[in-house]
Structures are given as C-alpha cells and as structure tokens.
Amino acid sequence: VDEGYQKTYQKFDEIYPTLPKGDGWWGDGFGVGQFLQYQGFWIPSIPLRGMMLIHDHFKPRPTDIILSTSPKCGTTWLRALIFAIINRNSYHFDNHPLLSSNPQDLVPFFEGYYIQQGGGGSTSFIETLPSTPRFLSSHLPFSFFPNSMVSPSCSACRFVYICRDPKDAFVSMWHFMNKLRARQELPPLPIEHAFGLFRRGVSLYGPFWDHVLGFWKASLESPNKVLFLKYEHVKREPSMHVRKMAEFLELPFSAEEENEGIVEKIVKLCSFENLSNLDVNKNVNDEKHKFIKNPEFFRKGQVGDWINYLTSEMADILNQITKQKFQGTGLSF
Ligand code: A3P
C-alpha cells in the first residue's frame with residue numbers, strides 16, 4: 001500500500017471492529033466482505049474502505065461524471081449509454097468498444113477500484129485517467145461523497161442517478177445474489193429470507209429507499225448537478241432520455257448528428273437485446289479475475305418481472321414501505 005494511503009487504511013482498520021455486521025446475502029462475497037453498517041447504510045468492507053480513500057485522496061475535476069446507482073437498477077445499461085454518448089466522436093458503431101467489452105471494463109467502478117495503483121504505483125489509477133471526460137460508476141449513497149464533490153456551490157462532478165421500482169430491484173438482486181452464492185458453493189437464498197432482509201433495509205448499499213431519497217433530494221436542490229432517472233422511464237422512451245443525458249452533460253446532439261440518427265444508433269447499441277447477445281457478454285471468457293462475470297449483469301431486462309416471483313402480500317409490503325418512505329417528497333413508484 002502506498003504510504004499516502006496508509007493512514008486511511010489504519011483508520012478503516014480501527015473502525016472495522018466497531019461496525020455492525022449484516023446477515024449475509026453473499027457470505028463473504030469472494031473477499032469483498034460482509035455487509036457493514038456505516039452511517040445508516042449497509043456496504044461491504046472493500047467498497048467502504050474505497051469510500052474512505054476517496055474522502056481522503058480523491059481530487060475531483062469539473063468535468064467528472066459519476067454514474068450513481070443502487071445495485072441492479074440499470075448500472076450496466078447506463079454505463080453503456082453514457083459511455084456511448086461521451087465517446088460518440090471517437091468510435092464507429094460497427095467497431096465500437098461496447099461490442100467487444102462489457103461496460104464494467106469500460107467504466108471504472110469508483111469505490112471498488114480506487115485502490116488499484118496506476119503506472120507509477122504511487123496513486124490510484126483513477127487519478128491518472130484523462131479528463132476526456134473522466135467517467136466513473138458508483139453505488140455510494142449521496143451522503144457518502146466528500147463535500148468537494150457534492151456541495152451545490154462547487155462545480156466539480158456531475159451525477160447521473162438511476163433507480164427502479166423497488167419490487168423489480170429486489171427480484172433482480174435476489175437472482176443476482178443466488179448466482180454469486182452458487183459460485184461460492186453456498187446454498188440458494190430462499191426468497192422469503194432475502195425479502196425479510198431487503199424490507200428491513202439490509203441489502204447491498206441499502207436501505208434501498210434511503211439510497212433513492214438521497215439522490216432525489218439532491219436532484220431537487222441541484223438539478224444541474226444531479227440528474228435523476230427511473231429505469232421504467234428510460235425503458236419506455238430511450239431516445240428522449242439519451243438526449244436528456246447528453247444535454248445534462250453539456251454534450252447536446254447537433255442537428256447534423258440528429259439527421260444521421262446517432263441517438264437511435266446509441267439506443268440500439270446499448271439495448272438489452274443487443275448487449276446481452278454479444279459473445280463477450282454471453283460467455284465467461286478470460287474472467288477469472290472478475291468478481292462479477294459478464295453474463296451475470298444480464299437477466300431479463302424487463303419492467304414488472306416481480307409479478308412472477310412476489311406473492312401479493314410481499315408486493316403489498318414493499319408498496320407500503322415505498323409509500324411511507326416517499327410520502328411528501330414528490331417521488332413515487
Ligand atoms: P433484471 O434482473 O430485472 O433482468 P445492474 O446493471 O445495475 O446490475 O442491473 C442489472 C439489471 O439490469 C438486470 O435486471 C439486467 O437484466 C438489466 N439490464 C442489463 N443490461 C441492460 C440493458 N442494456 N437494458 C436494460 N436492462 C438491462
């Protein structure tokens with residue numbers, strides 16, 4: 001570990017034993033760690049340490065773009081869409097990096113990778129990325145980012161946030177966790193058990209509702225800083241949302257680009273049907289080192305699949321929690 005990071009590591013080691021440990025969805029998650037409760041959220045130890053490193057060392061730039069998501073709400077899709085938007089002048093659509101790489105390999109996972117050292121070994125590789133712009137993906141709650149990134153008055157960093165109907169997010173999470181459990185030779189988690197954890201807020205970067213609310217409030221306070229999206233809306237009107245994201249990022253499409261149909265090309269490139277059927281995303285190739293294998297990011301890609309898994313009682317409970325948590329905020333599902 002670089003000397004500059006030593007202090008942060010020590011700080012983490014000191015608080016680690018004091019934090020409540022969550023009942024496991026994924027065991028030890030291949031070393032990513034148990035869920036720890038920190039400042040109201042459940043987060044595994046490796047990204048929690050990454051968050052502390054970001055606090056102590058990250059140098060935000062005005063052009064930085066952070067894709068923020070609650071896990072299973074459309075990270076892969078938005079990574080692809082935003083990558084395609086910001087790099088649209090660098091690549092042809094028939095020879096695009098998204099055709100040969102999973103979005104997780106094109107967009108660094110901020111708190112997960114922060115510790116990876118760059119060329120010189122003295123600093124995070126994230127600090128060595130060019131401002132073309134720098135585009136990172138994160139699951140951190142809004143309240144976990146340092147002031148230098150989130151304060152409404154600072155020009156650094158723009159956030160695109162996407163969330164999803166909690167019922168679909170839960171069902172997607174449950175399937176996903178069972179894939180990770182199978183690879184660790186853990187028995188599948190019964191849905192009732194997973195549901196009991198999720199509704200109490202014990203889930204990856206949960207409570208789910210608090211995660212959403214943090215970004216919702218920030219988007220109301222600072223609409224130029226935080227763009228708040230819903231999976232269901234992007235699914236219904238993808239082209240409109242691609243234009244909206246481009247405008248928010250101050251990279252609007254020109255009349256010429258519109259005439260060439262660039263927006264539709266981006267939508268098609270990043271669609272579930274296209275991405276999930278690519279060799280690179282269908283097969284587990286050279287992926288030994290990967291915590292999440294490329295195919296695990298794709299399942300159905302539909303709105304409302306919860307109906308096939310939740311009892312009406314479970315759905316009522318989640319709807320009730322959602323209603324209660326979002327009451328008076330202007331947000332609903
Ligand atoms: P389902 O499990 O409901 O199918 P994340 O990328 O945040 O991990 O979210 C994964 C969810 O997004 C999964 O949902 C997955 O199928 C879906 N997904 C992945 N790629 C997508 C795409 N290009 N378009 C729409 N949904 C996508």
Side-chain angles (χ1 to χ4, degrees), residues 25-26 29 32 44 47 66-85 96-99 101-112 136-141 159-181 189 191 194 198 203-206 208 211-212 215 229-242 245 264-278 280-282 290-310 315 318 333:
W25 283 76
W26 67 9
V32 176
I66 315 291
L67 167 65
S68 289
T69 62
S70 188
K72 313 324 289 173
C73 289
T75 318
T76 308
W77 191 17
L78 270 282
R79 277 174 174 166
L81 286 172
I82 297 172
F83 181 88
I85 292 170
H96 199 282
L98 281 165
L99 296 172
S101 302
N102 182 276
Q104 72 165 327
D105 296 322
L106 299 174
V107 187
F109 178 44
F110 196 15
E111 66 270 23
L136 308 168
S137 157
S138 171
H139 293 316
L140 292 177
F159 294 84
V160 177
Y161 183 72
I162 187 159
C163 63
R164 189 178 191 185
D165 181 328
K167 300 189 289 304
D168 281 338
F170 166 69
V171 166
S172 183
M173 174 72 73
W174 175 65
H175 279 104
F176 174 74
M177 287 293 181
N178 276 339
K179 287 181 204 164
L180 298 191
R181 290 175 69 88
L189 199 60
I191 195 163
F198 186 84
S203 63
L204 190 54
Y205 293 81
F208 180 87
H211 200 282
V212 176
F215 283 91
L229 303 174
K230 287 181 181 170
Y231 183 94
E232 296 77 13
H233 292 172
V234 183
K235 196 88 189 165
R236 196 164 60 214
E237 291 181 290
S239 299
M240 189 272 266
H241 283 92
V242 165
M245 282 189 267
E264 288 69 26
K265 283 182 190 165
I266 291 175
V267 167
K268 201 169 156 202
L269 173 69
C270 302
S271 69
F272 181 85
E273 291 65 31
N274 188 51
L275 292 188
S276 64
N277 284 306
L278 297 171
V280 65
N281 293 326
K282 245 185 353 198
K290 283 193 191 172
F291 171 51
I292 301 169
K293 313 292 180 197
N294 292 350
E296 290 168 353
F297 283 105
F298 303 93
R299 191 180 64 92
K300 275 197 185 167
Q302 286 172 9
V303 171
D305 188 45
W306 62 265
I307 197 106
N308 298 309
Y309 297 95
L310 300 187
L318 290 189
F333 277 95

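Ligands are counted one by one from 1 in listed order, and the atoms in each one are counted from 1 as well.
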Self-check item: Asn308 and Asp305: side chain donor to acceptor below 3.5 Å
Solution: yes

Quiz item: Starting from atom 6 (O) of ligand 1, which protein heavy atom do you reach first, and at what distance in Å?
Solution: Thr76 OG1, 2.6 Å

Quiz item: Does Ser271 approach ligand 1 within less than 4.0 angstrom via side chain, backbone, both or neither, non-hydrogen atoms only?
Solution: backbone

Quiz item: Does the side chain of Leu318 come within less than 4.5 Å of Trp306's, by heavy atoms?
Solution: no

Practice problem: Would you sort out whether Lys230 and Asp165 count as a salt bridge (charged side-chain N to carboxylate O under 4.0 Å, His left out), showing the intermediate values? | Solution: CA-CA 8 Å; Lys230 287 181 181 170; Asp165 181 328; over 6 Å; no

Quiz prompt | Candidate with minimal heavy-atom separation from atom 12 (O) of ligand 1, of Trp77, Tyr231, Phe170 | solution = Tyr231

Practice problem: May I ask you to list the atoms of ligand 1 that are less than 4.0 angstrom from any heavy atom of Lys300? | Solution: 4 (O), 16 (O)

Exercise. Give a yes/no verdict on whether any heavy atom in His175 is under 4.0 Å from an atom of ligand 1.
Key: no

Self-check item: Set of side-chain contact (heavy atoms from CB on, under 4.5 Å) partners for Ser203, sequence neighbours left out
Solution: Trp25, Phe198

Exercise. Just say parallel, tilted or perpendicular for the rings of Phe297 and Phe176, cut-offs at 30° and 60°.
Key: tilted

Quiz prompt | Candidate with minimal heavy-atom separation from atom 16 (O) of ligand 1, of Glu296, Arg299, Lys235 | solution = Arg299

Exercise. Would you sort out whether Met173 and Asn178 count as a side chain to side chain contact (heavy atoms under 4.5 Å, CB included), showing the intermediate values?
Key: CA-CA 8 Å; Met173 174 72 73; Asn178 276 339; over 6 Å; no

Self-check item: Option set Ser172, Ser276, Pro103, criterion heavy-atom distance to atom 13 (C) of ligand 1, minimum
Solution: Ser172

Self-check item: Closest approach of any protein heavy atom to atom 8 (O) of ligand 1, naming residue and atom
Solution: Lys72 NZ, 2.8 Å

Distance-only donor-acceptor pairs under 3.5 Å for side chains of residues 74-82, two or more places apart:
unit_1: Thr75; atom_1: OG1; unit_2: Thr69; atom_2: OG1; d: 2.9
unit_1: Arg79; atom_1: NE; unit_2: Ser137; atom_2: OG; d: 3.1
unit_1: Arg79; atom_1: NH2; unit_2: Ser137; atom_2: OG; d: 3.2

Quiz item: Looking at the rings of His139 and Phe110, which for Trp means the six-membered one, are their centres under 6.0 Å apart?
Solution: no

Quiz prompt | Minimum-distance protein heavy atom relative to atom 18 (N) of ligand 1 | solution = Phe272 CD1, 3.9 Å

Exercise. Assess Glu273 for proximity to ligand 1: is some non-hydrogen atom of it under 4.0 Å away?
Key: no

Quiz item: Got an N/O contact under 3.5 Å between Gly74 and ligand 1?
Solution: yes

Quiz prompt | Side chain proximity check, Trp26 to Leu189, heavy atoms < 4.5 angstrom | solution = no

Self-check item: Numbered atoms and elements of ligand 1 in range of Cys73, under 4.0 angstrom, heavy atoms
Solution: 7 (O), 9 (O)

Self-check item: Atom indices of ligand 1, in the order listed, that fall short of 4.0 Å to a heavy atom of Phe298
Solution: 16 (O), 19 (C), 20 (N)

Practice problem: Please write down residue, atom name and distance for the protein heavy atom closest to atom 7 (O) of ligand 1. | Solution: Thr75 OG1, 2.5 Å

Quiz prompt | atom 19 (C) of ligand 1: the protein heavy-atom neighbour that sits closest, reported with distance to 0.1 Å | solution = Phe297 O, 3.3 Å

Self-check item: Side chains of Lys268 and Asn274 in contact at under 4.5 Å (non-hydrogen atoms)
Solution: no

Quiz item: Could an N or O of ligand 1 be found under 3.5 Å from any N or O of Pro71, whether backbone or side chain?
Solution: no

Exercise. May I ask you to check if ligand 1 and Asp168 share an N or O to N or O distance below 3.5 Å?
Key: no

Exercise. Among all protein heavy atoms, pick the one closest to atom 23 (N) of ligand 1 and tell me residue, atom and distance.
Key: Cys270 O, 2.9 Å

Self-check item: Output field: ring centroids Tyr231/His241 closer than 6.0 Å
Solution: no

Self-check item: atom 3 (O) of ligand 1 - nearest protein heavy atom and its distance
Solution: Arg164 NH2, 2.8 Å

Self-check item: Glu111 and Tyr205: CA distance, side-chain angles, deciding distance, side chain to side chain contact (heavy atoms under 4.5 Å, CB included) verdict
Solution: CA-CA 12 Å; Glu111 66 270 23; Tyr205 293 81; 2.9 Å; yes

